[in-house]
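Everything on this sheet refers to the single structure shown next.
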Amino acid sequence: MSNILQELLRASEKAACIARACRQEETLFQLLIEEKKEGEKNKKFLTDFKTLADVLVQEVIKHDIGRKFPGLEKNIAGEESNEFTNELGEKIIVRVCATEKETAKLLQRVLDNNEAASKALARAVHEDVQLSDPALDAVHINIPHDNIAMWVDPIDSTYQYIKGSSDITPNNGIFIKGLQCVTVLIGAYLIDTGLPIMGVINQPFATRDPKTLRWKGEHYWGLSYMDTNICSLQISSKVNNLDNPSSGPPPCIENRNNLYSAVTSSAEAKNILGTLSSLCEENLYFAAGAGYKCLCVVQGLVDFYVFSEDTTFKWDCCAPHAILRSLGGGILDLSKCLKNARHKSEFSEKPHLLYNMEVEGSTGADRWSNKGGLIAYRSEKHLESFMDLFIKNLALQNEQH
């Protein structure tokens, strides 16, 4: 199974390269944007867009994984449909063709006969990108491929990707918006249980060279299956400590000044925001992109990501959920957590998000929403005490309103 994760790493880096290539020239980039149709849209946004980069990245991931593991591509689902409409109103199914020349010809139809742009994108699509991690070579786990499925979010936080802001100053390492909030998310789960087992988060626009203005990415991966839990952050922290023994452990969850820290969305409900504010005070942060907010928890920048609305989806959470599980954390259904607590249920049976079931009675993208909201965490130690305080404070907030 480590071979699959190695391939997910490589696919995520190729996706990041395409995302950066599409963003380099503004006039070209404007050709790539299309408003989503009803049923594809996230109801959180009045206008929701997809870009050719989104669609192309998703198809590249499916194509490359299917080429390495034939048949597995049939179990890959993602946020975007692969239909694009050009300026002439012509509907085109975007796919990766057998050759670079054929792919360029197809893309030229999408890009209104812009030959130079089509060739540049086709070159990125067919480029042999290498990215691997030697730590995975030592991992030997066998899982039947027919029990593995995947969720892909080719470019999470598309709105920030379109806006392209590159001059945002972070708050304690957390970006409220900007290209740093854009992520490529590839997560694998078990079809029979719905639990996530592998995840890759690639941040294509992590840092920018002030001289060349070129972007450099970062990637994070995790594997959690039975008794095996391994994560890129654990590996890198061991290396850093060997290089610099006085450096200590990597950034870790600390209960600063007896307060918790959390990240959420500005679209969160008022009673939830009030509750989080009382528990976190100045350690409550806002950020764009569900994938990026999960990444903040993975990195240890915050203790929790809390969101009560139903406008995040399976493709947003599968990858980070697997990574958090490999670190001893997870992503739970918030409404079920609250219900269990009110009924004094044993908290040891945590309602983890599952990825093999659609929401009953829903249509379009809503079939795959996280209907009960979510809470992402990295530390089991703090979760139970936080939830206890959260429920008590939420009750007070509800009484006041």
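The analysis underlying the following values was restricted to heavy atoms, covering all of them including side chains, and did not include hydrogens, waters or symmetry mates.
- Put simply, the side chain of Asp303 gets close to the backbone of Ser261: a donor and an acceptor are under 3.5 Å apart.
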Side-chain donor-acceptor distances from residues 59-70 under 3.5 Å, at least two apart:
residue, atom, partner, partner atom, Å
Asp64, OD2, Arg10, NH2, 2.9
Asp64, OD2, Lys14, NZ, 3.0

Side chains of residues 174-184: which donor-acceptor partners sit under 3.5 Å, not counting sequence neighbours?
none

Q) Should Ser265 and Glu268 be marked as a side chain to side chain donor-acceptor pair (under 3.5 Å) after you check the CA-CA gap, both sets of side-chain angles, and the distance that decides it? A) CA-CA 5 Å; Ser265 168; Glu268 182 56 278; over 6 Å; no

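- Every side chain to side chain contact (heavy atoms under 4.5 Å, CB included) that Ser266 has, sequence neighbours left out, goes to Phe286.
- Considering only residues two or more places apart in sequence or on other chains, Asn113 meets the side chain to side chain contact (heavy atoms under 4.5 Å, CB included) condition with Gln108.
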Donor-acceptor pairs under 3.5 angstrom involving side-chain atoms of residues 147-156: please list them, not counting sequence neighbours.
residue, atom, partner, partner atom, Å
Asn147, OD1, Ile191, N, 3.4
Asn147, OD1, Asp192, N, 3.1
Asn147, ND2, Asp192, OD1, 3.2
Asn147, ND2, Asp192, OD2, 3.4
Trp151, NE1, Tyr355, O, 3.1
Asp156, OD2, Ala290, N, 3.4
Asp156, OD2, Gly291, N, 2.7

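- Contacts of Glu380 classified as salt bridge (Lys or Arg N to Asp or Glu O under 4.0 Å), with partners at least two apart in sequence or in another chain: Lys350.
- Screening residues 351-365 for salt bridge (Lys or Arg N to Asp or Glu O under 4.0 Å), with sequence neighbours left out, gives Glu358-Arg367.
- Every residue was checked against the side-chain hydrogen bond (donor to acceptor under 3.5 Å, both in side chains) condition with Asn171, not counting sequence neighbours, and none meets it.
- A donor-acceptor contact shorter than 3.5 Å is absent between the side chain of Ser165 and the backbone of Asp167.
- Taking the charged nitrogens against the carboxylate oxygens, Lys371 and Asp310 do have a contact shorter than 4.0 Å, which makes a salt bridge.
- Applying the side chain to side chain contact (heavy atoms under 4.5 Å, CB included) test to Asn393 and every residue at least two apart in sequence or in another chain returns Thr275, Ser278, Leu279, Leu389.
- Taking Thr193 as the reference, Leu190, Leu195 meet the side chain to side chain contact (heavy atoms under 4.5 Å, CB included) condition, with sequence neighbours excluded.
- Under the ring-ring contact (aromatic ring centres under 6.0 Å, His included) criterion, His352 pairs with His321, sequence neighbours left out.
- For the pair His219 (side chain) and Gln203 (backbone), a donor-acceptor distance under 3.5 Å is absent.
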Just distance, no hydrogens or angles: give the donor-acceptor pairs under 3.5 Å from side chains in residues 323-332, sequence neighbours left out.
residue, atom, partner, partner atom, Å
Arg325, NH1, Pro196, O, 2.5
Ser326, OG, Ile323, O, 2.5

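- Within the 6.0 Å centre-distance limit, the rings of Phe386 and Tyr260 are counted as a close aromatic pair.
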